[in-house]
Amino acid sequence: MKFGKAVALNLFAIVALSGALPAHAGPYADDMSKCLVQATTPADRGVFIKWMFSAMALNPEVESMAKISETQREQMNQAAAGLFQKLLLVSCKTQTQQAVRYEGPQTIGQAFNVFGQVAGRELFANPRVAEGMGGLMKYVDESKLNELVNESSVKR
């Protein structure tokens, strides 16, 4: 089995976007997650990605690499707040109420974690982003990864 760039990119995307999502979400949290994804457009998911990026850019490890003005950050906060409110209070109100009622308020975070993963997959699917992430593979010993995968494969 060949490790390959596509597998590497998917792995890094999953690792980068994985959060503290419990191993099993209940059926109401699942319904809410599906609603969040279905009720949004690519532009809505873009609002979410920009908001996440603006927040992540505050981390001292990357702060010097991203120049986001306070005005821009406030605009992103306002746009994301509008999206959150629209989703929770209008588009997915019933699913949110049921999820909170039967599975607790943490389901809101679980559902937005799934939504964020979907938005992130769209971000990583962009050809320029994929190409940029693929640059990592220039410095990875692919033969060692292939060997690891082959050694780990179940023999049938």
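Along the sequence shown, residues are numbered consecutively beginning with 1.
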Strictly by side-chain hydrogen bond (donor to acceptor under 3.5 Å, both in side chains), give each pair with a member in residues 82-98 just once, sequence neighbours left out.
Asp44-Lys86
When you measure from the side chain of Ser69 to the backbone of Gln72, do you find a donor-acceptor pair of N or O atoms at a distance under 3.5 Å?
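Present.
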Quick check against the 3.5 Å criterion: does Arg73 have a side-chain atom that pairs as donor or acceptor with the backbone of Ser54?
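Looks like yes, one N/O pair under 3.5 Å.
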CA sep, side-chain torsions, deciding dist, call: Gln117, Asn113, side-chain hydrogen bond (donor to acceptor under 3.5 Å, both in side chains)
CA-CA 6 Å; Gln117 290 176 18; Asn113 190 316; 2.7 Å; yes
Within the 4.5 Å heavy-atom criterion, are [X] and [Y] side-chain neighbours or not?
X	Y	answer
Phe112	Leu88	yes
Val114	Gln110	no
Met76	Ile68	yes

Fellow cluster residues of Leu148, listed by chain then number, with links counted only when side-chain atoms sit under 4.5 Å apart
none
Looking at residues at least two apart in the chain, or sitting in another chain, which of them share a side chain to side chain donor-acceptor pair (under 3.5 Å) with Glu147?
none
Any link between Ile108 and Tyr28 through a network of hydrophobic side chains (Ile, Leu, Val, Met, Phe, Trp, Tyr) touching at under 4.5 Å?
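Cluster IDs for Ile108 and Tyr28 differ.
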Kindly compute the distance separating [atom1] ([X]) from [atom2] ([Y]), expressed to the nearest 0.5 Å.
X	Y	atom1	atom2	value
Leu87	Leu36	CG	CG	5.5 Å
Met133	Asn126	CE	CG	12.0 Å
Leu83	Trp51	CG	CH2	10.0 Å
Met32	Phe115	CE	CZ	11.0 Å

Test of understanding: with salt bridge (charged side-chain N to carboxylate O under 4.0 Å, His left out), list the residues that count as partners of Glu122, not counting sequence neighbours.
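Glu122 satisfies salt bridge (charged side-chain N to carboxylate O under 4.0 Å, His left out) with Arg45 once adjacent residues are dropped.
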Donor-acceptor contacts, no H, no angles, side chain residues 59-67, under 3.5 Å, sequence neighbours left out:
unit_1, atom_1, unit_2, atom_2, d
Asn59, OD1, Glu61, N, 2.7

Would you please name every residue forming a ring-ring contact (aromatic ring centres under 6.0 Å, His included) with Phe53, sequence neighbours left out?
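Residues passing ring-ring contact (aromatic ring centres under 6.0 Å, His included) with Phe53: none at all.
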